[in-house]
There are 2 protein chains.
Amino acid sequence: MKDFITQLNPAFDHRNRLGIMSILVVNDWVEYNTLKELLNLTDGNLASHLKALESSEYIRVHKQFVGRKPQTTYGVTDKGKEAFKAHLDTLEAILTIAREGEDS
Amino acid sequence: MKDFITQLNPAFDHRNRLGIMSILVVNDWVEYNTLKELLNLTDGNLASHLKALESSEYIRVHKQFVGRKPQTTYGVTDKGKEAFKAHLDTLEAILTIAREGEDS
DNA sequence: GCCTTAACTTTGCCCCACAAAGTTCTTTTA
DNA sequence: TAAAAGAACTTTGTGGGGCAAAGTTAAGGC
């Protein structure tokens, strides 16, 4: 059990970063404002989580103009995909253990 | 997605409390020292997590003497079992969503 | 009579999540 | 052309909480 718990990646070990990653791994490029709405976060809060994930090189940023408006989109990197998958595997292992005693 | 994230129970939304609960739901009564070793926690740290879970009425304490040594054991309550199951269900739902884009 | 063990509690630190407000750039709108 | 507004941050400040370490209490062993 200790092993599983310590295998959880601290970078993803928070509900909001779990949410960010879950969205990014299934959508190629997601806009800043979309993330903000989907996760119900304030600007500062979202930006800090994104920055943390970006400096770990788990996500990357793409800035462009759509029409004449700036648009920032975020996507997961290969490294991020891999690390997040490992995190999910660990979570799943814990889930399995924790379900062992279920009545159903 | 927002809904799933907010459905995560804050009381369990931490690796160590996830660990504590995972152990307690599959074992009827677990000793304080066993938890400490299984989770690799210091006294103060473990005690504070246990107290948090206890005041939420998710776990309960049983104190007795074995031979002449005091022994404290912890067990999950029905309320805790239910709440934790809901938490796991939510986690599983997030896992499923996050796995949708997987290559395999 | 001291040392040890169990099981805490207390103390104090430090980091971090978070909200709110300020910032920059640019585009609408009046 | 001035003002407002939106995108995407950055900065600032506060509060909470995780954590280790040390202190505490009560009992037992030696």
Side-chain angles (χ1 to χ4, degrees), chain A residues 1-2 5-24 27 29-56 58-75 87, chain B residues 1-2 5-24 27 29-56 58-75 87:
Chain A
M1 169 55 60
K2 171 169 58 177
I5 296 291
T6 57
Q7 273 171 31
L8 288 173
N9 191 330
F12 305 134
D13 198 10
H14 185 275
R15 51 169 62 196
N16 287 332
R17 284 197 289 267
L18 182 66
I20 291 172
M21 291 302 292
S22 298
I23 292 171
L24 293 188
N27 299 101
W29 290 99
V30 182
E31 290 173 42
Y32 175 89
N33 275 314
T34 305
L35 285 174
K36 202 174 108 184
E37 282 155 27
L38 284 178
L39 294 166
N40 224 31
L41 299 178
T42 57
D43 281 321
N45 197 4
L46 173 58
S48 69
H49 287 303
L50 289 173
K51 190 145 79 169
L53 290 171
E54 197 192 343
S55 51
S56 302
Y58 290 149
I59 66 174
R60 72 190 134 179
V61 190
H62 188 219
K63 288 165 188 287
Q64 62 179 339
F65 277 81
V66 172
R68 286 155 179 158
K69 283 186 183 175
Q71 189 194 54
T72 307
T73 53
Y74 292 87
H87 184 77
Chain B
M1 168 56 58
K2 172 169 54 178
I5 296 292
T6 57
Q7 273 170 32
L8 288 172
N9 191 331
F12 305 135
D13 198 12
H14 185 275
R15 52 170 61 196
N16 287 331
R17 284 196 290 267
L18 182 66
I20 290 172
M21 290 302 293
S22 298
I23 292 171
L24 293 188
N27 299 100
W29 289 100
V30 182
E31 291 174 42
Y32 175 89
N33 276 315
T34 305
L35 285 173
K36 201 173 111 183
E37 282 156 28
L38 283 178
L39 293 166
N40 224 32
L41 298 178
T42 57
D43 281 321
N45 196 4
L46 173 59
S48 70
H49 287 303
L50 289 173
K51 190 145 80 169
L53 291 171
E54 196 191 345
S55 50
S56 301
Y58 291 148
I59 66 175
R60 72 190 133 179
V61 190
H62 188 219
K63 287 165 188 288
Q64 62 179 339
F65 277 81
V66 172
R68 288 156 178 157
K69 282 187 182 175
Q71 187 194 57
T72 307
T73 52
Y74 293 87
H87 184 80

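Hydrogens, waters and symmetry mates are skipped; everything else that's a heavy atom, side chains included, is used.
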*Starting at atom NE2 of A:His62, determine the distance to atom C1' of D:dA8, rounded to an integer number of angstrom.*
16 Å

_Just the rounded figure in Å: distance from P of D:dG17 to CG of B:Asp13._
13 Å

_Main-chain N/O of A:Ala11 paired with A:Arg17 side-chain donor or acceptor, under 3.5 Å_ = yes

*In whole angstrom, what separates A:Leu50's CG from D:dC9's P?*
8 Å

*With sequence neighbours left out, what residues match A:Tyr58 under ring pair (Phe, Tyr, Trp, His ring centres under 6.0 Å)?*
A:Phe12

*asked:* Between P on D:dA20 and CG on B:Leu46, what's the gap in Å once rounded to a whole number?
replied: 11 Å

_Return whichever of A:Asp43 or A:His14 has its heavy-atom-nearest nucleotide of DNA chain C closer to the 5' end._
A:His14

*How long is the line joining NE2 of B:His49 and C1' of D:dA20, in whole Å?*
12 Å

*asked:* What contact category does B:Arg17 fall into here, base, sugar-phosphate, or nothing, at under 4.0 angstrom with non-hydrogen atoms?
replied: sugar-phosphate

*Could you tell me the separation between the CG atom of A:Leu50 and the OH atom of A:Tyr74, rounded to the nearest 0.5 Å?*
4.5 Å

_Once rounded to the nearest 0.5 Å, what's the spacing between atom CD1 of B:Ile5 and atom CG of B:Asp13?_
8.5 Å

_Min side-chain heavy-atom separation B:Ile20-B:Leu46 under 4.5 Å_ = yes

_Side chain to side chain, A:His87 and A:Leu8, heavy atoms closer than 4.5 Å_ = yes

*Please state how far atom CG in B:Asn40 lies from atom C1' in D:dG18, giving the value in whole angstrom units.*
15 Å

*For A:Thr42, report the nucleic acid contact type (base, sugar-phosphate, nothing); a contact means any heavy atom under 4.0 Å.*
base

*asked:* Can you measure B:Tyr32 atom OH to D:dT25 atom C1' for me and round it to whole angstrom units?
replied: 14 Å

_Reading DNA chain C in the 5' to 3' direction, which nucleotide is the first one with an atom under 4.0 Å from a heavy atom of chain B, and which is the last?_
C:dA6 to C:dT9

*asked:* Could you measure the distance from the CD atom of A:Gln71 to the CG atom of A:Asn33? Nearest 0.5 Å is fine.
replied: 9.5 Å

*Are B:Asn45 and D:dA21 close enough that a side-chain N or O sits under 4.0 Å from OP1 or OP2?*
no

